[in-house]
Amino acid sequence: MKIVHVASELYPYVKTGGLADAVGSLASTLADKGHDVAVFVPGYRAALEHKDVARAEQRLGLRVEMGDRVCAGDVRVLPVKKGLTVYFIGRDEFFDRRSPYGNGERDYEDNDARFIFFCKAVVEVMRIAEIRADVVHSHDWQAALLPLLLRYEERRSGISLAMKTVFTIHNIAFQGIYPMRSFALTNLPDELLGIDGFEYYGQINLMKGGILFADRVTTVSPRYAQEIQTPEFGCGLEGVVGTRADDLAGLVNGIDTRVWNPARDRQLPARYAVHDLTGKGVCRAALLKKMGMEEVFKGPVFGMICRLTAQKGLDLLLAAKDFFIEQDCRLIVLGMGDKLFETALHDLAQAHRQKIALCVKHDEEISHLIEAGADFFLMPSHFEPCGLNQMYSQAYGTVPVVTRVGGLIDTVVDIDEHPAEGTGIMCAPSAAGFVQALHRARQLHGQPDRMNETIRRAMGRDFSWEKAATAYEQLYENTI
Ligand code: ADP
């Protein structure tokens with residue numbers, strides 16, 4: 001099949017979260033399975049500075065109609081490997097900035113124009129470069145205009161660009177809501193501004209358009225597919241998602257086992273596998289040392305890596321601070337995000353330097369070291385479409401402590417509920433539930449046999465993209 005992916009992030013060129021990993025791995029695995037895959041991504045400054053992108057050819061100049069303006073742009077084409085080509089859509093005015101979405105304090109004010117331009121440019125490149133797809137698969141609100149833009153371009157030009165369109169919701173909390181006037185930039189007819197179109201409480205909602213107009217809608221776990229049809233998790237779009245219930249599927253992401261495999265991980269001071277965990281001990285000591293803590297510490301080490309936002313349950317972590325202060329344990333957090341959480345965690349770590357460490361930066365190497373060196377991995381999320389770290393941590397023999405939400409339910413098995421199959425500890429997304437889960441973790445750590453069995457079961461699970469990509473392949477085949 002000829003498959004085109006369109007997304008605002010793509011590992012290894014630009015990443016702020018799991019979207020980049022998911023699109024990167026899915027595209028790469030589909031190419032390995034023999035499909036012809038193209039991925040479109042904005043040519044952000046960070047992406048163009050990536051060492052591999054330097055060899056990308058600047059092939060095409062573009063002119064994109066944006067309301068009554070015409071915006072010039074360009075596209076760089078990077079042949080990554082057999083079957084996989086990445087197209088970077090460039091325009092300095094929109095993408096030559098320090099980060100993809102905002103300045104750290106708030107989102108850029110022209111994100112509507114930036115991503116409308118991106119979507120329209122993708123259609124334009126497909127038209128000029130004669131890319132004819134079996135499936136155009138777009139991801140999240142930044143690419144949500146594609147299903148509709150493609151159909152309008154086909155109608156206008158009489159050229160068939162895509163047999164079918166698929167739209168994936170990676171996180172329904174981000175929808176791309178903008179003033180009505182932004183819609184003029186799409187050059188789509190105003191009749192699409194009604195309640196059956198992009199209109200959303202007097203504004204436009206780009207994700208709503210993706211959900212309504214794609215041939216198939218997917219999200220990143222079966223549980224999240226159910227949750228987003230409820231007011232608690234649907235973030236206002238539950239009714240819209242419900243109208244597509246028959247065309248909605250939840251497919252769990254995989255993990256890139258070339259990047260996340262403790263037996264081959266070159267970012268670690270030692271490697272290990274399920275039959276010999278000696279290397280995990282070496283990583284644990286290295287992690288403690290790096291955080292300025294005593295390497296010989298014997299109690300449980302808790303790790304956490306995430307965007308420091310409300311979604312990730314930082315309030316629950318902070319509410320559990322007495323546990324970390326009173327118990328003989330260590331807590332190591334890597335993340336950046338909301339200043340409120342950064343400050344609260346910073347103050348906590350400053351007051352308890354020997355026990356609690358915080359790294360405020362994006363650091364792939366430390367993230368690997370935490371996954372390998374910690375005994376437990378914390379994910380007290382309030383909602384979690386799929387989540388990747390709970391899968392990484394199981395692969396690394398680090399027992400996940402997670403809330404019972406979304407993809408966490410689909411990928412972790414509680415050790416008390418299923419003693420013979422358990423791989424982690426699950427709890428309600430509440431302060432009391434989380435503290436109780438931390439105590440269960442502490443007790444498990446004090447029972448080496450049970451802990452080791454849990455680790456071995458976790459490491460034995462198959463979270464590979466092979467499995468996940470096959471599910472997408474089947475979905476594409478059924479859709480065409
Ligand atoms: P989300 O997409 O909601 O942020 P996921 O768990 O799906 O959450 O994916 C987050 C990804 O980003 C994981 O690969 C995680 O390790 C990584 N990550 C998050 N924060 C950091 C950080 N500060 N440094 C390194 N990696 C990070």
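Whatever order the structure lists ligands and atoms in, that order sets their numbers, starting from 1.
- For ligand 1, the atoms lying closer than 4.0 Å to a non-hydrogen atom of Lys361 are 22 (C), 23 (N), 24 (N).
- Residue Gln390 places every heavy atom at 4.0 Å or more from ligand 1.
- Across His368, His362, Glu384, heavy-atom proximity to atom 22 (C) of ligand 1 is greatest for His362.
- Between Lys312 and Glu384 there is a salt bridge, with a side-chain nitrogen of the basic residue lying less than 4.0 Å from a carboxylate oxygen of the acidic one.
- Contacts between Cys306 and ligand 1 below 4.0 angstrom, taking non-hydrogen atoms only, involve the backbone exclusively.
- Those atoms of ligand 1 with a heavy atom of Arg307 less than 4.0 angstrom away are 1 (P), 3 (O), 4 (O).
- Between Asp363 and ligand 1, at least one pair of N/O atoms sits closer than 3.5 Å.
- The contact set between ligand 1 and Asn389, taken as ligand atoms under 4.0 Å from a residue heavy atom, comprises 6 (O), 13 (C), 15 (C), 16 (O).
- Neither the backbone nor the side chain of Ile366 has a heavy atom within less than 4.0 Å of ligand 1.
- Here the side chains of Asp32 and Lys81 are in contact, with some heavy-atom distance below 4.5 Å.
- The cationic atom of Arg114 (NZ for Lys, CZ for Arg) does not lie both less than 6.0 Å from the six-membered ring centre of Tyr108 and within 45° of the ring axis.
- Considering both main-chain and side-chain atoms, Lys15 comes within under 3.5 Å of ligand 1 through a nitrogen or oxygen pair.
- For Asp21, a nitrogen or oxygen atom sits less than 3.5 Å from a nitrogen or oxygen atom of ligand 1, counting backbone and side chain alike.
- Residue Leu388 places at least one N or O, backbone or side chain, under 3.5 Å from an N or O of ligand 1.
- Neither the backbone nor the side chain of His170 comes within contact range of ligand 1; no heavy atom lies under 4.0 Å.
- Here the protein heavy atom with the shortest distance to atom 8 (O) of ligand 1 is Lys312 NZ, 3.0 Å.
- In summary, the atoms of ligand 1 found under 4.0 Å from a heavy atom of Gly335, numbered by their order in the structure, are 23 (N).
- Summary of contacts: the protein heavy atom closest to atom 18 (N) of ligand 1 is Ile305 CG2, 3.9 Å.
- Tyr472 and Thr29 form no side-chain donor-acceptor contact under 3.5 Å, judged by distance and modelled atom types alone.
- Using cut-offs of 30° and 60° on the angle between ring planes, the pair Phe115 and Phe95 is tilted.
- Here CD1 of Ile177 is found 4.5 Å from CG of Asn205. Values are rounded to the nearest 0.5 Å.
- No close placement of the Phe383 and Phe233 rings is indicated, their centers lying 6.0 Å or farther apart.
- Residues Glu453 and Arg456 are not paired through a salt bridge, judged by the lack of any N-O separation under 4.0 Å between the basic side chain and the carboxylate.
- Of the candidates Phe117, Phe118, Tyr44, Phe94 forms a ring pair (Phe, Tyr, Trp, His ring centres under 6.0 Å) with just one, namely Phe117.
- Residue Gly18 has at least one N or O atom closer than 3.5 Å to an N or O atom of ligand 1.
- Panel note: side chain Glu417, backbone Val413; no donor-acceptor pair is recorded below 3.5 Å.
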